[in-house]
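Reading through the C-alpha cells given below for one structure.
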Amino acid sequence: MRSSTRGRLRSVAWLLSGVVLLALGLVSALQVRGALEREREFRSAPACASVPVRASGCVWEQDFTVRTADMHRNERREPPEAELVPPSGEPWHVTFRNTEPVLSEMEPDEKVVGLVWHGQVVEVRDAEGRRQPTSSGPVGWPEDRLGGALACVSLGLPALVGGAWALLARGSRRHAAAATVVRWHGVALGIAAILTLWAQSANDWPLWAIPAIWGPLALLGLASMTAFTLAALRGELADDAASAPRTPQPQTG
C-alpha cells in the first residue's frame, strides 16, 4: 500500500512539474520574437551625433572609471555587477549575465568604455578591446529564449504525459513501465537542449544553429522513446525482480 501511494505521489509530482515547465516554455517561446526585434533595432541603431540629454535610440560611447567590480561567485542569486563612474561623477550600476571576458579582469580605477543605448549600458569594452554585453544588452537574448523554450518543452511534455499515464495505469505494470520510459526520455531530451544552447553560446553560433543541432537529437530521442515504450507495453522491460526465476521453497510435512 505504501509503495502504491509513493508511486502515485511521484506521478503527481511529474505531472505538476510538466505543467510548470510547459508554461515556462510557452513564455520563453513568446519572448523570442520580441527579443529578435529588439536585437535588430540595436544592430541598426545609428551613432549619436552628440551626447544625448535623454535616453535615445542612437548609440554612444561613454568613458567610465571602475569604482567596484563584484563577481558574487559564492552568491548564486546575485548577478555579477560593477559600479562605473563617468566624468560627471554620478555612478552607474551595471549587472552582467556572466563574468567573462571583461568583468573578471576589472580593477578599481581602471578605465573602460560603455556603449549606451536607450539610457542603459549594454556593453563594456576594456583597454585591450575586449567586449562584454551587460544584462541590459539585447544581443544573445533570442538564443537564450529559444534554448529555454526547447529545454522546458522537451522535458515538460514527456513529464506531463508520463505522469498522467502512470496515474491512469491503475496498477498495470506494463503501462507504468511505459510511462517511466516516456518521463526519462524527456529528461534526456531536455539535457540535449541545454547542451545545445551551451554549445551555441560557447561558440557564438547564430540562432539557427540551435534547431539545426537539437532537431536531429530530438528525432533520435523520439525514435528511442517510441521503441522502448512499445517494448514496455509488450512486457519486454519487466524489472529484474519480476523476471527473475523463483527459488523453489522446500516442502515440509
Side-chain angles (χ1 to χ4, degrees), residues 24 27-45 47-48 51-52 54-152 193-207 209-210:
L24 292 175
V27 171
S28 294
L30 293 175
Q31 291 176 343
V32 172
R33 181 176 180 181
L36 281 171
E37 292 177 351
R38 188 166 182 264
E39 184 175 289
R40 291 194 197 100
E41 181 187 354
F42 169 71
R43 293 188 182 280
S44 62
C48 298
V51 177
R54 298 180 180 178
S56 174
C58 60
V59 295
W60 59 285
E61 295 185 347
Q62 173 65 59
D63 294 328
F64 289 98
T65 301
V66 178
R67 175 177 289 178
T68 60
D70 196 338
M71 310 309 130
H72 291 301
R73 298 188 187 277
N74 298 323
E75 302 175 26
R76 295 182 179 179
R77 295 184 179 181
E78 294 294 333
E81 60 184 353
E83 192 171 73
L84 309 178
V85 183
S88 61
E90 184 177 353
W92 291 45
H93 180 256
V94 181
T95 61
F96 299 83
R97 284 180 279 176
N98 48 59
T99 60
E100 301 296 336
V102 177
L103 180 62
S104 60
E105 303 295 330
M106 278 188 184
E107 297 291 342
D109 298 326
E110 180 183 349
K111 302 297 182 181
V112 296
V113 176
L115 189 65
V116 180
W117 182 58
H118 285 296
Q120 296 178 314
V121 177
V122 297
E123 184 182 271
V124 174
R125 185 179 75 242
D126 63 11
E128 298 180 9
R130 293 175 298 186
R131 298 174 179 270
Q132 181 178 349
T134 70
S135 300
S136 302
V139 177
W141 279 106
E143 291 82 356
D144 288 347
R145 299 283 75 78
L146 178 59
L150 290 178
C152 289
I194 293 172
L195 292 177
T196 299
L197 179 60
W198 173 82
Q200 180 275 329
S201 177
N203 295 280
D204 199 24
W205 290 333
L207 178 67
I210 296 178

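Here the structure is a predicted model, which is why all the values come from computation and not from measurement. Keep in mind that the numbers below use all heavy atoms, side chains included, and drop hydrogens, waters and symmetry copies.
Side chain of W117 to backbone of G57: a donor-acceptor contact under 3.5 angstrom is found. A distance-only check finds a donor-acceptor pair linking the side chain of E39 to the backbone of G140 [under 3.5 Å]. Remark: the backbone N or O of T95 is paired with a side-chain donor or acceptor of S135 at under 3.5 angstrom. Side-chain atoms of D126 come within 3.5 Å of backbone N or O of E128 as a donor-acceptor pair.
A search for salt bridge (charged side-chain N to carboxylate O under 4.0 Å, His left out) contacts involving E107 returns nothing, not counting sequence neighbours.
Among pairs with a residue in residues 55-68, those fulfilling side-chain hydrogen bond (donor to acceptor under 3.5 Å, both in side chains) read E61-R125, T65-K111, R67-E83, at least two apart in sequence or across chains.
Side-chain contact between E123 and V139 is absent, with no heavy-atom pair separated by less than 4.5 Å. Two residues are said to be in side-chain contact when any heavy atoms from C-beta on lie closer than 4.5 Å; E41 and E37 fail this criterion. Contact of the V122 side chain with the P138 side chain is registered, since non-hydrogen atoms from C-beta on lie closer than 4.5 Å. Looking at heavy atoms from C-beta onward, F64 lies out of side-chain contact with V94 at the 4.5 angstrom threshold.
Each of L197, T196, N203 was checked for a side chain to side chain contact (heavy atoms under 4.5 Å, CB included) with Q200, and the lone residue meeting it is L197.
Once rounded to the nearest 0.5 Å, the distance linking CD of E110 with CG of L84 reads 10.0 Å. With values rounded to the nearest 0.5 angstrom, T134 atom OG1 is found 10.5 Å from W92 atom CH2. How far CZ of F42 is from OG of S136: 11.5 Å, rounded to the nearest 0.5 Å. With rounding to the nearest 0.5 angstrom, the CG atom of L115 is 7.5 Å from the CZ atom of R131. Considering CG of L36 and CD of E143, their distance stands at 7.5 Å, rounded to 0.5 Å.
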### Query
Checking side-chain hydrogen bond (donor to acceptor under 3.5 Å, both in side chains) for the pair N98/Q132: CA distance, chi angles, key distance, verdict?
CA-CA 9 Å; N98 48 59; Q132 181 178 349; 3.3 Å; yes
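For R130, the CZ atom is densely surrounded, since the number of other residues' heavy atoms within 6.0 Å is greater than 12.
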